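The sequence lines fix the lettering, A, B, ..., with proteins before strands; numbering per chain opens at 1. All of these numbers come straight from a predicted model, not from anything done at the bench.
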Amino acid sequence: MPLRVYNVLQREKVDFVPLHEGKVNMYVCGPTVYDHSHLGHAKAYISFDMIVRYLRFSGYDVLYVQNLTDVGHLLESGEDRILKKARQASALPMQIAETYARSYFADMDALGVVRPDISPRASAHIPEQIEMIETLLRKGHAYVAEDGVYFDVSSWPEYGKLSRRRLEEQETGSRRLKGSGKRSPEDFALWILAPEDHILQWNSPWGRGYPGWHIECSAMSRKYLGDTFDIHGGGIDNIFPHNECEIAQSEAANGVPFARYWLLVGSLTVNGQKMSKSLGNFVTIKDALARYRPEVIRTFMFQAHYTNPIDFSDEALRAAERGWERLASAVRLVRSRLRNAPEEGENTFAQVIRAHREQFIAAMDDDFNAPAALGVLQAFTGEVNKLLNSGEPVNKATLAAIEALYSDLGGQVLGIIPKDEAHGVDMRLTDALIRLLIEIRAQARAEKNFARADQIRNQLRALGVILEDRPEGTTYRLE
RNA sequence: GGCGUCGUAGCCAAGUGGCAAGGCAGAGGUCUGCAAAACCUUCACCGUGGGUUCGAUUCCCACCGACGCCUCCA
């Protein structure tokens, strides 16, 4: 079964066939680094992380580019976001960009999001943007006005093909003419001439100024991925005008199709409303990580299909946490049993493992259906628990194969099953100490000294170590 | 007003033209010194009204409702 993806450009699920066999070039709109990221950003980037991980798992050589916007992203007032923050913080704009770029990467690292291969910054690609604007001017798709350079939307009939909106249908009364030099309200800025005191400005053929927001993605994706590339990702909320403008600019300038597959992520909502900076209903990633493990946050995100919106609540996070615990407990038990499992014997569970592996892959091949894939892992876990509780000895080959499925699919692809932790020096000592206490407690239990046994269990519990008595002995887990 | 997405059990949610995954919560049970975990059993006629069909939750139409975008946001 080939990989199928929902291509927003066609509004339907289609076979995914990359431009160059075995190779995927992918661009995702990154954040504007003017503040700490919130869970809405987490949903978007965790989704694409899952997609990239799965593409690589499937054998594709993926080149993943995700930009950082540090200039040109204007507020409605016309003020640059970064500049506004810089003024508030009495800092240089690039200090702000640097601060929040680091914050962003720290958050993504903590969430287990694999870094993009290239994270180009808009401010570091001014020449590329200028070059593209010059091409657009030369081809008659842009014009120079007294306050900057604008893209002439009327020169590009395909404008609107992604978001499926035609400008004449829009309520034009509500939009205002931001740039006085605009010929038409829907035209958008490519280059904005800066006032003398504006801190961010570069030389250009049209005078000192700075680039418009949309042009950076066109220029940088072209530089690193080429005129035509495979996947363009982003949040659905940016489909218009941002993504629409990107397509128009790029195709008008390059004369060839831009991204071939558009994958857009549904928004994260809070009480049914979009989580966003402007609404003020956001939870930062740092706050969320203080309360939930990264694997739990990822599991939560994967409970709905990436194209759908997902509603945030502590209740929902806790439900995800309990569900994740079920998986993690089984993995922990498998790894623990693996340590002294009988060597001899074949993998007796091969059928079940193969069946679930295939189901998982079938789910993911169907437009990265992580919720269904998660369901497969849960169903598999039911089988594993039954096996482990059967009282029959389970040999090493079987346990290793089970562990491999969890590590490959839950770990490598979804990033929700952590690696076996009991390896570092600290962890080895901790492990040995806990085992010592478990042994002492076992003696107490054998002597029916339950008060002492419970004391050990309760005090360990207070330290975040949870003991579980099983037929074959006591296991522990760290909270 | 325009464009678009969505409406499945108490909650989250996948999915299919032919007896509706999975998780959380709940109920009963097994195991356990107790606990925890796990396992077993139990819990839906898929927003409303039409239409197409042998048969629709799944396709079409209408309506109702929610949300997103049209103005900065992933």
Exercise. So what does A:G40 hit on the nucleic acid, given a heavy-atom distance under 4.0 Å: a base, only sugar-phosphate, or nothing?
Worked result: base
For this session: Decide if the gap between the ring center of A:F380 and the ring center of A:Y406 is smaller than 6.0 angstrom.
Result: yes
Exercise. Within the pair A:K274 and B:A74, is there a side-chain N or O less than 4.0 Å away from OP1 or OP2?
Worked result: no
Exercise. When you check the phosphate oxygens OP1 and OP2 of B:G15, does a side-chain N or O of A:N369 lie under 4.0 Å from one of them?
Worked result: yes
Exercise. Would A:D367 and A:R4 pass as an ion pair if we require N to O under 4.0 Å?
Worked result: no
Seminar exercise, completed: Winner on side-chain proximity to A:A304, out of B:A74, B:A14, B:A35, is B:A14
For this session: With heavy atoms under 4.0 Å as the rule, sort A:S276 into base, sugar-phosphate or nothing.
Result: base
For this session: Classify the nucleic acid contact of A:G382 as base, sugar-phosphate or nothing, counting any heavy atom under 4.0 Å across all strands shown.
Result: sugar-phosphate
For this session: Determine the contact category for A:L467: base if any of its heavy atoms lies under 4.0 Å from a base atom, sugar-phosphate if only primed atoms, P, OP1 or OP2 are that close, otherwise nothing.
Result: base
Exercise. Heavy atoms under 4.0 Å, any strand shown: does A:L268 hit a base, just sugar-phosphate, or nothing?
Worked result: base
Exercise. NA contact type, A:H305, heavy-atom cut-off 4.0 Å: base, sugar-phosphate, or nothing?
Worked result: sugar-phosphate
For this session: Test A:L162 against A:F240 for side-chain contact (heavy atoms from CB on, under 4.5 Å), laying out the working first.
Result: CA-CA 8 Å; A:L162 179 71; A:F240 190 92; over 6 Å; no
Exercise. Among side-chain atoms of A:Y27 and A:N67, is any donor-acceptor pair under 3.5 angstrom?
Worked result: yes
Exercise. When rounded to the nearest Å, what value does the distance between C1' atoms of B:C64 and B:A21 take?
Worked result: 29 Å
For this session: Taking the six-membered ring for Trp and the full ring for Phe, Tyr or His, determine whether the centres of A:H305 and A:Y6 are under 6.0 Å apart.
Result: no
Exercise. Looking at A:Y150, does the NZ or CZ of A:R183 lie under 6.0 angstrom from its six-membered ring centre and within 45 degrees of the ring axis?
Worked result: no
Problem set entry | A:Y159-A:F151 aromatic ring centre distance below 6.0 Å | no
Exercise. Within less than 4.0 Å of OP1 or OP2 of B:A25, is there a side-chain N or O belonging to A:R322?
Worked result: yes
For this session: Among the candidates B:C69, B:A74, B:A36, find the nucleotide nearest to the side-chain atoms of A:F240.
Result: B:C69
Exercise. Rounded to whole angstrom units, what separation is found between the CZ atom of A:R332 and the C1' atom of B:A38?
Worked result: 13 Å
Exercise. What nucleic acid atoms does A:R318 come within less than 4.0 Å of, heavy atoms only: base, sugar-phosphate, or nothing?
Worked result: nothing
Exercise. Just checking A:N238: base, sugar-phosphate only, or nothing, at a heavy-atom cut-off of under 4.0 Å?
Worked result: sugar-phosphate
Exercise. In residues 451-459 of chain A, what residues come within less than 4.0 Å of RNA chain B, judged by heavy atoms?
Worked result: A:D454, A:R457
Exercise. Reckon A:G233 touches a base, only the sugar-phosphate, or nothing at all at heavy-atom distances under 4.0 Å?
Worked result: nothing
Exercise. Hey, is the main chain of A:S218 close enough, under 3.5 Å, to the side chain of A:S221 for a donor-acceptor pair?
Worked result: yes
Exercise. Base, sugar-phosphate, or nothing for A:S163, non-hydrogen atoms under 4.0 angstrom?
Worked result: sugar-phosphate
For this session: Quick one: label A:Y45 by what it contacts on the DNA or RNA (base, sugar-phosphate, nothing), any heavy atom closer than 4.0 Å.
Result: sugar-phosphate
Exercise. Base, sugar-phosphate, or nothing for A:E468, non-hydrogen atoms under 4.0 angstrom?
Worked result: base
For this session: Rounded to the nearest angstrom, tell me the gap between atom CG in A:N385 and atom P in B:A38.
Result: 7 Å
